[in-house]
Amino acid sequence: MSQLPIHQVAEQVIETVVRDKLLLLSAPTGSGKSTCVPGILLDSGKIDGKIIVIQPRRAAAKFLAHHTAFLRSVKLGSEVGYSIRHDSKVNKDSKIIFMTDGLFLQQLKSNPQLKGIGAVLFDEFHERRWQMDLAFSLCRKVQEKQSHLHIMLMSATLDVDKLQAALQCPLITTEVRNFPVDIDYLIPDRQKKIWEVAANSAKKIMQTTKGSLLIFMPGKYEIMKTVNELQRSLKVPVHALHGQLNPQEQDRIIENTGQQKIIVSTNIAETSLTIPNITAVIDSGLVRQNAYDPQRQINTLYTKSISQSSAEQRAGRAGRTSAGQCLRLWSKSEQTRKMQHFEPEILRCDPSELLLQCLALGFSDLEELNLIDTPKELDQAWKVLELLGFTNSQGSLSTAGIHASKMPCSPRLAALLYYGTQADQMDKACTYAALISEPSIILNRNKKKLTDLVPGKELDFSSDLDLMAEMLFIAKSCKFQVQECDKYSLNANNCRSADLARMQFLRLCETMPRLQNFNDMHPHCCLLRAFPDYLAKRRDSSSLQVSLGNQLKGEIDRFSSQKKATLILATSIADIATSLGAKTKLSQLTAISPELLDHTFPGELLSKDEVIWDPSSKSARRAQQSCFRSLIIEEKIVDCEPDAQTEQVLANKIIDGTIKLNKWSEKLDDWIERVRKCAEIYPDKGIITYSPQDLEIVYMEMCSGLTKAKEVRDMDCLSYLKNLLSWDEQCFIEDAVPENIDIGNGKKLRIFYQVGKEIYVRAFIQQLFDLKKTPLIGPARIPLTFEILAPNHRPIQVTKNLENFWSGLYPEIKPALARRYHKHQWI
DNA sequence: AGGGATCCG
């Protein structure tokens, strides 16, 4: 391949980027954009200063630097270099520097005008990581003042339309694709699991395809299932590939042995890793992705459908070395419904780190930065910074915030480092921060409890982190040798990176000024200061259930060493979406005593004493609570004397239906309707209407002197209802809206009252023979409405005028009625 | 029963 596709547009790229200073370059994988464009720019001689190529991943930055140096026949670290965390190969004359986005952001803070830099190339910009978006916006700010800076946004799957619209800049596209890939769709049988479908298809594909097969699955679990299915029925070597494997293990799996194989992988093979000799891809169409819940400040891991551009990338993996095929486990119609691109990462993640960095850069209003996408709901991010003591009343960074913002980690871990340093707990704080920020140092956690891993069980650890710190020490003392680490179930690589982070944190903390004098008695205090809202209380001793503040619930890690503690601080909380709904999981646990909590946050451990409804005894009882902010730490429920509070609690339970009143009858409802009707007819009398507020007063009076539901249940409700009215009012009501009407010969009829309707009675015609005139009700002399029924209960007439009825309609219909109901008496 | 892959003087 002498002429890469990118070389065909080289002239155009140089011309455009020199003229417009900003260029979108959309070029497919394998076009050579990452390795060739920097050199093309350098060789043009039109860029004044270093060319920085920003990468989202360290491994990619390092690899591309190597490859670029090789292509240009220079020694790595001279003209071409790289700079990533813990590792760099550059000198002052380096012209092309590959760098990770995080590191570039850090350097921007000390070189805000980008002196000496002529071009910044953002690779894999489509991922829309917040670090890249922020760095890009800052570069644009630099361009406003200085004209020498050139910016390029590069990717295979740029959301071109949106970016071009937002940025108003030129776009260059190289359309070539390496080799054609045939795409088929298969709608999975609903009865079958996705791994069964994938494995069945794999068997067929392996009979025809020449090279290796790559299967995309969302996670480790599905990968394991797929591998099992395949190994049962195929002789071809099958490998699982995911990010938790060591780089060495990953390399061994990827390595081209010249032999056919099947690799079942997570999304890691979509962009991060390139596997040679893939001629077929099976795509489950699924990916696991985090979504941040700003209200609870918790990440949730979802299994989602991939985007169209993601599907295209995955399929493209089959066409790198020859023509290939791709089987998509979804329908063609679903393909058209899929979203074109994923939502930008900057909108999916916890924005508190972005906010902290913006504040450190002097932007308190994110609007000023003109970010392509600005995260919504920043209120919670402000609250996190406030919680950590990083902001002051003017909405800018406090001293603590300024120092914390320089730490290469999340705001919470920066708080851990800052407060740890201030409290003379630097060493422990750095170790904790390293263990929390880096991937788990423990290997194969599937079956073993954390306590069983560390030798010397007599040691009493009150924190998983202390236990892990001890294991990290063991790993270090055996120089991170894989075989030795294996014996302790330790991941040597992760131990090494945790140790590197630890040492970096130590170096940074040593230069941090001591400004505050905390007298923290224990290293766990600084954990509390960094994660005060991650404190949880066990709900019982037998289950893993815990309560967090703000009424949240969760479940602690069953492999934790801290399963006996009642008060627990978690330094990792995440929601896991399951088929049964989301579960909040707490891990990396530390036991916290109330004394330690009180010592760390003096005066915040408050006693509360209030009357509550106790469902188990069905009574109002007194809850004596000890609370830390919104978390109940201790709760004792005791019997109590009746008072105004018990009345209120019981009344509320009557209102919500928990306590049923046995003597609440139809008669009571009738009484209430009569009183309401009376209030309607005589509004100037000021009679109550038994509004919800009136009823609440009735209930409270009923509950006076009581605490138990069973005492309340059999209360004589009617007398309490009546007692809300004065004696005079009661007499007036009896007269104004009588319960019954006398219809002669000592017989009575019930009167029905309804607010907004006529007052009426319902009667058989025979009952009314003695009633010649319409009775008038109460002082207002309201005529009664009669619903007159035939013997068969069917209404004959509804009237307010009985006289008219007897003289008018009755004589007309009487003969017919008398014939039909001849056994009845007729007058 | 079930935890992706990343980054930071």
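Quick note: numbers below take in every heavy atom, side chains included, and nothing from hydrogens, waters or symmetry partners. First the proteins, then the strands, lettered A, B, ... as listed; each starts at 1. All values reported here derive from a predicted model rather than from experimental measurement.
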**Complete:** Whole-Å distance, A/Lys62 NZ to B/dC8 P, equals 12 Å
**Request:** For A/Leu301, report the nucleic acid contact type (base, sugar-phosphate, nothing); a contact means any heavy atom under 4.0 Å.
**Result:** base
**Complete:** Only one of A/Leu366, A/Leu138, A/Leu378 passes side chain to side chain contact (heavy atoms under 4.5 Å, CB included) with A/Cys358, and that residue is A/Leu366
**Prompt:** Closer than 4.0 Å, any side-chain N/O of A/Gln504 to the OP1 or OP2 of B/dC8?
**Reply:** no
**Complete:** Testing B/dC8, B/dG4, B/dA1 for proximity to the side chain of A/Tyr221, the answer is B/dA1
**Prompt:** Whole-Å distance between B/dT6 P and A/Glu270 CD?
**Reply:** 12 Å
**Prompt:** Between atom CZ in A/Phe559 and atom P in B/dA1, what is the gap in whole Å?
**Reply:** 13 Å
**Request:** Using the closest heavy atom to pick a nucleotide of DNA chain B for each, name whichever of A/Leu273 or A/Trp195 lands nearer the 5' end.
**Result:** A/Trp195
**Message:** Can you see if the side chain of A/Arg58 gets near the phosphate of B/dC8 - specifically, an N or O under 4.0 Å from OP1 or OP2?
**Reply:** yes
**Request:** Taking the six-membered ring for Trp and the single ring otherwise, decide whether the centroids of A/Trp382 and A/Phe390 are under 6.0 Å apart.
**Result:** no
**Prompt:** Is any side-chain N or O of A/Thr266 closer than 4.0 Å to OP1 or OP2 of B/dA5?
**Reply:** yes
**Request:** Report yes if a side-chain nitrogen or oxygen of A/Thr100 is closer than 4.0 Å to either non-bridging phosphate oxygen (OP1 or OP2) of B/dC8; otherwise report no.
**Result:** yes
**Request:** Decide if the gap between the ring center of A/Phe125 and the ring center of A/Phe136 is smaller than 6.0 angstrom.
**Result:** yes
**Request:** Taking only the side-chain heavy atoms of A/Gln244 (C-beta and beyond), determine which of B/dG9, B/dT6, B/dG4 contains the nearest atom.
**Result:** B/dG4
**Request:** Among B/dA1, B/dG9, B/dC8, find the nucleotide with the atom closest to the side chain of A/Arg558.
**Result:** B/dA1
**Request:** Answer yes or no: side-chain N or O of A/Asn267 and base N or O of B/dG4 forming a donor-acceptor pair under 3.5 Å.
**Result:** no
**Item:** Residue whose nearest DNA chain B nucleotide is more 5′ - A/Arg57 or A/His86
**Value:** A/Arg57
**Prompt:** How is A/Thr303 classified with respect to the nucleic acid when contacts are heavy atoms under 4.0 Å: base, sugar-phosphate, or nothing?
**Reply:** nothing
**Request:** Nearest whole angstrom, please: distance from the P of B/dT6 to the CZ of A/Arg348.
**Result:** 14 Å
**Gap between atom CG of A/Leu417 and atom CZ of A/Arg412 - 0.5 Å precision** = 14.0 Å
**Request:** Check the distance between B/dC8's P and A/His403's NE2 and give it to me in whole angstrom.
**Result:** 23 Å
**Prompt:** Taking the side chain of A/Pro408 as its heavy atoms from C-beta onward, which of B/dG4, B/dG9, B/dT6 lies nearest to it?
**Reply:** B/dG9
**Message:** With a 4.0 Å limit, can you tell me whether A/Ser587 has a side-chain N or O closer than that to the phosphate oxygens OP1/OP2 of B/dG3?
**Reply:** no
**Prompt:** A/Gln250 side chain to A/His242 main-chain N or O, any donor-acceptor pair under 3.5 Å?
**Reply:** yes
**Fill in**
In whole angstroms, the gap separating C1' of B/dA5 from CG of A/Asp350 amounts to 17 Å
**Prompt:** Rounding to a whole Å, what distance do you find between A/Ile223:CD1 and B/dG3:P?
**Reply:** 11 Å
**Message:** Check this for me, if you would: do A/Lys62 and A/Asp87 make a salt bridge, where the nitrogen-to-carboxylate-oxygen distance has to be below 4.0 angstrom?
**Reply:** yes
**Asked** In whole angstrom, what separates A/Asn494's CG from B/dT6's C1'?
**Response** 13 Å
